[in-house]
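The structure appears right after this line, and notes come after that.
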Amino acid sequence: VARTVFDLAEVVAPRQHRRAWEEAQKLQLLDVAAVRDVVRRNPGRHALELVLPLLAKAALPGLEATRSPLEADFLAFAARRLRAFGLPRINSMVHGYEVDAHWPDAATVVELDSRLHHDNDPAFERDRAKWNALTSRGEVVYPLTARRLRREADTVAAELTAILERRLRA
């Protein structure tokens, strides 16, 4: 069932896929841990764009679940636009700091910023100290706002692709 639900995401409309996912859950046929395994074995597949947000909502034990709509949007963006690099780890620890998204092999961190959580003096200062500490340990830190993700997706994809390609060649 896990593989079928994954493969289905590449051949049906998003609405149909969501209905199939929900029906499999309702009938207790969907093993979301098995879906997670299928996802990990199939980086770069178009199905990830539909499956990842559903997995994030399922809040699986052991799955690095997103904690905000912006994180879910970024994960879907990465699955769609950065698939050649695999999926980033979400909300993981890097050098003692929790980061929003991380490609360990490329030593690249994406920090998702919103005015709601980062538009005050203490948060502003904390963010810069964290980015400096990560940079001093060899990580590239790419701050990204929801607005840029929405309105400048092509530019963001091009910039992150260039960073990830360069870092993976090094």
Side-chain angles (χ1 to χ4, degrees), residues 6 9 14 18 32 35-36 38-170:
F6 184 85
R18 188 176 56 257
V32 288
V35 176
R36 182 184 67 217
V38 171
V39 164
R40 289 190 175 149
R41 289 192 314 271
N42 289 278
R45 295 274 304 271
H46 294 284
L48 295 171
E49 184 177 350
L50 296 180
V51 172
L52 285 174
L54 294 171
L55 274 177
K57 287 180 184 174
L60 295 173
L63 178 66
E64 297 165 330
T66 59
R67 295 184 190 145
S68 71
L70 179 53
E71 288 176 358
D73 290 348
F74 180 74
L75 196 56
F77 169 84
R80 184 176 63 252
R81 304 291 296 270
L82 304 169
R83 70 176 144 258
F85 307 103
L87 295 175
R89 293 182 181 166
I90 301 297
N91 295 315
S92 62
M93 295 301 288
V94 178
H95 303 294
Y97 295 92
E98 185 176 35
V99 300
D100 295 323
H102 183 233
W103 281 272
D105 293 342
T108 301
V109 168
V110 173
E111 284 289 286
L112 301 165
D113 288 333
S114 68
R115 291 195 187 274
L116 177 64
H117 298 292
H118 300 269
D119 196 15
N120 59 67
D121 288 341
F124 183 88
E125 293 298 328
R126 241 186 344 267
D127 287 346
R128 270 76 196 159
K130 174 179 163 180
W131 300 347
N132 291 341
L134 290 168
T135 300
S136 74
R137 290 172 174 90
E139 299 287 333
V140 169
V141 178
Y142 186 88
L144 179 60
T145 63
R147 183 179 180 161
R148 283 203 72 218
L149 184 61
R150 262 191 333 272
R151 295 185 181 182
E152 300 175 34
D154 291 339
T155 301
V156 170
E159 290 170 351
L160 281 169
T161 295
I163 290 167
L164 291 164
E165 284 176 345
R166 190 173 321 111
R167 299 292 291 192
L168 290 170
R169 277 196 310 261

Once salt bridge (charged side-chain N to carboxylate O under 4.0 Å, His left out) is applied, do any residues pair with E49, and if so which ones, sequence neighbours excluded?
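Applying salt bridge (charged side-chain N to carboxylate O under 4.0 Å, His left out) to E49 gives R80.
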For [X] and [Y], which heavy atoms make the closest approach, and how far apart are they?
X: E98; Y: E111; value: O-OE2, 4.3 Å
X: L50; Y: A9; value: CD1-O, 3.4 Å
X: F74; Y: A101; value: CE2-CB, 3.6 Å

Using modelled atom types only, decide if a donor and an acceptor are shared between the side chain of W103 and the backbone of V110 within a distance under 3.5 Å.
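No, the answer is negative, given that no donor and acceptor are paired below the 3.5 Å cut-off.
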Backbone N/O of F124 and side chain of R128: donor-acceptor pair under 3.5 Å:
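Pair found, side chain donor or acceptor close to backbone of F124.
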Can you measure from [atom1] ([X]) to [atom2] ([Y]) and round to the nearest 0.5 angstrom?
X: L82; Y: E165; atom1: CG; atom2: CD; result: 10.0 Å
X: F6; Y: L54; atom1: CZ; atom2: CG; result: 12.0 Å
X: L112; Y: E71; atom1: CG; atom2: CD; result: 6.0 Å

Checking side chain to side chain contact (heavy atoms under 4.5 Å, CB included) for the pair F77/V156: CA distance, chi angles, key distance, verdict?
CA-CA 10 Å; F77 169 84; V156 170; 3.8 Å; yes
Quick one: are [X] and [Y] in side-chain contact, heavy atoms under 4.5 Å?
X: D100; Y: N91; value: yes
X: L75; Y: P88; value: yes
X: R81; Y: D154; value: yes
X: V94; Y: E139; value: yes
X: F85; Y: T108; value: no
X: T155; Y: R148; value: yes

Is it the case that atom CZ in R137 sees more than 12 heavy atoms from other parts of the structure closer than 6.0 Å?
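More than 12 heavy atoms, drawn from other residues, nucleotides or ligands, come within 6.0 Å of this atom.
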Picking from R40, R45, H46, what satisfies side chain to side chain donor-acceptor pair (under 3.5 Å) with N42?
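Running side chain to side chain donor-acceptor pair (under 3.5 Å) over R40, R45, H46 with N42 returns exactly one hit, R45.
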Give the C-alpha distance, both sets of side-chain angles, the deciding distance and a yes or no for side chain to side chain contact (heavy atoms under 4.5 Å, CB included) between V38 and V51.
CA-CA 10 Å; V38 171; V51 172; over 6 Å; no
